[in-house]
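Notes follow once the structure below has been shown.
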Amino acid sequence: MAADPKPEEISHPPMDQLQGLEYCIDSNPSWGESIALGFQHYILALGTAVMIPSFLVPLMGGNHGDKVRVVQTLLFVEGINTLLQTLFGTRLPTVIGGSYAFMVPIRFLSTMRAVQGALIVSSSIQIILGYSQLWAICSRFFSPIGMVPVIALVGFGLFDRGFPVTGRCVEIGIPMLILFIICSQYLKGFQTKQLPILERFALLISITVIWAYAHLLTASGAYKHRPEITQMNCRTDKAYLISSAPWIKIPYPLQWGAPTFDAGHCFGMMAAVFVSLIESTGAYKAASRLASATPPPAHVLSRGIGWQGIGILLDGLFGTLTGSTVSVENIGLLGSTRVGSRRVIQISAGFMIFFSILGKFGALFASIPFPIFGAVYCVLFGLVASVGLSFLQFTNMNSMRNLFITGVAFFLGLSVPEYFREYTSKAYHGPAHTRAGWFNDYLNTIFFSSPTVALIVAVFLDNTLDYKDSARDRGMPWWVKFRTFKGDSRNEEFYTLPFNLNRFFPPS
C-alpha cells in the first residue's frame, strides 16, 4: 500500500480573494484601456439585450420596428440601472441586464402595457425585501456549503444558452469558440507595450474576426439556398435591426401608453422577480471574487437588491419587456480579462446609453449573429460556475453531510428545471396547470430556475441536517466575518457609498 502524501504536497490554503487579477474593484487601468474594456463589456451585453426581444416581440405580434425599439429601450435602461447599482447599490462591477427568468410569465401576456403594469407592481418585492433589510436577515441562513450550488448554477443553469445556440450555425460558432479560447488563454502572454492585449481584448478581437468572416460568407451567397432558420442564425443581414432603427431616438417613460394592471399578471410576474433576486444574490457573490473583493456583507447585498427593485420599476415604466438581473456573462468577462474595475463597468453603462440613443450605430453592433455570442457564453458561464465551486475550499468536503447536500442540490437544481422545460415543450403549458393562471405562472417560473431550486434545496438541508454540530464543516468560521459591514476592515474600502452618503445611510 502506497504511503500517504505529505500534507505540504497537497496543501492549497483557502484564500479570501482570488489571486492573479490585474485590477480589483477600486483600482483602474489607464483611461484608454478602460474605455476599450468598457466597450467590450457593452458588446457582450448586446447578446442578451437582442436575444430576449427577438424571441418575445414576434410572439406579441410586433414587427421589426417594435423589436428595435424594445432593444434600444432595454439598453438605455440597462445603462441607467448599471450606473445606479455601481454607484449606490452593491458597488460591485456588475452590469444589470435583461433576465431570461421573466420570459416564462411574459409569454402568456398579450400586450406590452400588461407587461409594464405587472413589472411595476412586482418590483415592490425586491424594493421591500432590499430596503427593509429583510433579505439581509434571510441571508443569515446562508453558508458557503449552501451557496456553492446556487452560485455555480447561476452559470451552469444557463447551459442551454451556450452550445445549443452556438450549434445553430457551427461554421461561425465553433471558430468563435476556438479563437476566443486561444486568444484569452493560450496567447495571454503576448504583450504590446507591457499590455497583454490578446488576453485583455480577446472578446473584441475574436468577435471582429468571426463577424467579418460571417459577413464574407453572407456576401458570397453561401446561405442563398439554405433553410430560413439557418439564414436567420448565420447571415449578418437577417436581423433587420439597422434598416428598422431610427437615427436618433431617446426612450422615455410610458412611451407605449398607460400600463394596465391585472392581479393575476402581477402575481405571475412576482415569481420572476423572486427568481431574479436569488440569481442576483449568487451573481453578486461571484462578482465579488472576480473583482478581488470580500463577499458583500448582508447589509450591502440587501442594498443592492433594493436598487435592483428600483431597476425593475424603471423597466416597467420605460417598457423594456423584461425585468432586470445581474448579467452573468459580464461577470465571466471580469475573470477572462482579469480586470474587476468598477470604472470599466460604469464606462460600459455610458456606451449602452449613448448607442441606444444613436439607433443606427447601436443596431450595427446588435446585428452580430447569435451563435457568436453563444460561443462566448460557453466560456464565460463556465467561468462563473467555477467561481461558485471555489467556495468549496472553505468547507470540509470529506464530510458525508456536505457531500450529500452539495450533490443533491446540484442534481435537483439541474434536473427539476429540465423536467419543467421538457413538459412545457410537449404539453404547451407547465406541469402546474390549475384554473388559477397566476398560481401556474408562479410555480412554473420558480421551478424553471436552476439557482432558485438549488437555493431552496441547499439552504433547507444545510439548516436542518446536523447544523448545530457542523458549523466548522459548513465553513461558518470563515463566513461569519463577512456577515456584517464592520466584520472585516476591507469592507469599508470596497463597499462604502460615494459622496460621503454613509453619513445618511450608515451600514449595519
Side-chain angles (χ1 to χ4, degrees), residues 17 23-28 31 34 38 41 76-97 123-140 253 276-277 280-281 283-315 317-318 324-327 330-331 334 340-353 481-508:
Q17 296 167 280
Y23 297 96
C24 70
I25 188 170
D26 50 5
S27 63
N28 302 307
W31 276 104
S34 293
H41 274 278
F76 184 79
V77 179
E78 271 187 29
I80 294 173
N81 287 339
T82 299
L83 284 175
L84 290 173
Q85 190 63 240
T86 54
L87 282 171
F88 309 117
T90 60
R91 308 213 70 219
L92 288 165
T94 49
V95 170
I96 306 300
S123 67
S124 61
I125 295 285
Q126 287 195 10
I127 292 172
I128 292 169
L129 284 175
Y131 291 127
S132 69
Q133 292 295 307
L134 280 172
W135 192 241
I137 295 170
C138 292
S139 72
R140 295 184 180 277
S276 165
L277 181 153
S280 295
T281 297
Y284 285 132
K285 293 186 182 297
S288 68
R289 277 188 76 69
L290 289 174
S292 202
T294 52
H299 162 82
V300 172
L301 184 64
S302 210
R303 186 175 75 195
I305 293 299
W307 276 106
Q308 199 168 297
I310 296 289
I312 295 173
L313 177 62
L314 291 176
D315 291 330
L317 289 172
F318 278 84
S324 297
T325 194
V326 179
S327 172
N330 288 89
I331 293 177
L334 299 178
S341 166
R342 184 189 295 125
R343 176 190 289 173
V344 166
I345 299 301
Q346 291 170 338
I347 290 172
S348 77
F351 278 117
M352 292 175 203
I353 295 170
K481 63 184 175 181
F482 301 116
R483 280 183 168 181
T484 59
F485 193 85
K486 296 180 179 177
D488 191 287
S489 58
R490 293 167 292 180
N491 290 337
E492 187 172 349
E493 174 190 353
F494 299 135
Y495 300 114
T496 298
L497 290 171
F499 316 123
N500 211 15
L501 288 173
N502 268 36
R503 288 187 307 164
F504 307 103
F505 304 100
S508 56

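Basis for what follows: all heavy atoms, side chains included, without hydrogens, waters or symmetry-related copies.
- Put simply, the side chain of L83 reaches to within 4.5 Å of the side chain of Q346, judged on heavy atoms.
- R483 places a side-chain N or O within 3.5 Å of a backbone atom of R140 that can act as its donor or acceptor partner.
- A donor-acceptor pair under 3.5 Å is formed between the side chain of T82 and the backbone N or O of I96.
- By the 4.5 Å heavy-atom criterion applied to side chains, V95 and S348 are counted as neighbours.
- Under the 3.5 Å distance criterion, the side-chain polar atoms of R91 are matched with a main-chain donor or acceptor of T496.
- One distance of note links CG of L129 with CD1 of I137; it measures 10.0 Å at 0.5 Å rounding.
- Residues F494 and A293 approach most closely at CE1-CA, 3.7 Å, considering heavy atoms.
- Counting heavy atoms from C-beta on, the side chains of I331 and L92 never come closer than 4.5 Å.
- The backbone N or O of F88 sits less than 3.5 Å from a side-chain atom of W307, completing a donor-acceptor pair.
- Nearest heavy-atom pair, A136 versus A298, reported as atom, atom and distance to 0.1 Å: CB-O, 3.5 Å.
- Among residues two or more places apart in sequence or in another chain, the salt bridge (charged side-chain N to carboxylate O under 4.0 Å, His left out) test is passed with D26 by none.
- Taking 4.5 Å as the limit, some side-chain heavy atom of I310 sits within range of a side-chain heavy atom of Y131.
- R343 places no side-chain N or O within donor-acceptor distance of the main-chain N or O of G38, the cut-off being under 3.5 Å.
- Residues satisfying the ring pair (Phe, Tyr, Trp, His ring centres under 6.0 Å) test with Y495, not counting sequence neighbours, are none.
- Residues satisfying the side chain to side chain donor-acceptor pair (under 3.5 Å) criterion with T294, sequence neighbours excluded, are N491.
- The shortest non-hydrogen separation linking S341 to P93 is O-CB, 3.7 Å.
- Between F318 and F76, the angle of the ring planes lies from 30° to 60°, which puts this pair in the tilted group.
- Contact check for W135 versus T281: side-chain heavy atoms found under the 4.5 Å cut-off.
- Note: I80 CD1 to M352 CE = 11.5 Å, rounded to the nearest 0.5 Å.
- Residues satisfying the side chain to side chain donor-acceptor pair (under 3.5 Å) test with Y284, not counting sequence neighbours, are Q85, Q308.
- Considering NZ of K481 and CZ of R490, their distance stands at 6.0 Å, rounded to 0.5 Å.
- Minimum heavy-atom separation, G340 to L334: CA-CD2, 4.1 Å.
- Here the CG atom belonging to N81 is positioned 10.5 Å from the OG1 atom belonging to T86, to the nearest 0.5 angstrom.
- Nearest heavy atom pair, residue S276 against residue Q126, reads OG-NE2, 3.4 Å.
- With hydrogens and angles ignored, the 3.5 Å screen pairs no side-chain donor or acceptor of S27 with any backbone N or O of Y23.
- To the nearest 0.5 Å, atoms CD1 (I312) and CD1 (I125) are separated by 10.0 Å.
- One side chain, D315 or S324, offers a donor N or O that lies under 3.5 Å from an acceptor on the other.
- In this structure, W31 and I347 have side chains that are in contact, with non-hydrogen atoms separated by less than 4.5 Å.
- With sequence neighbours excluded, no residue satisfies side chain to side chain donor-acceptor pair (under 3.5 Å) with S302.
- Note that NE2 of H41 is 9.5 Å distant from OG of S327, once rounded to the nearest 0.5 Å.
- Under the 3.5 Å distance criterion, the side-chain polar atoms of R303 are matched with a main-chain donor or acceptor of G89.
- With sequence neighbours excluded, no residue forms a side chain to side chain donor-acceptor pair (under 3.5 Å) with S288.
- Distance alone, capped at 3.5 Å, places no donor-acceptor pair between the S280 side chain and the L277 backbone.
- Counting heavy-atom neighbours within 6.0 Å of E493 CD, excluding the residue itself, gives a total above 12.
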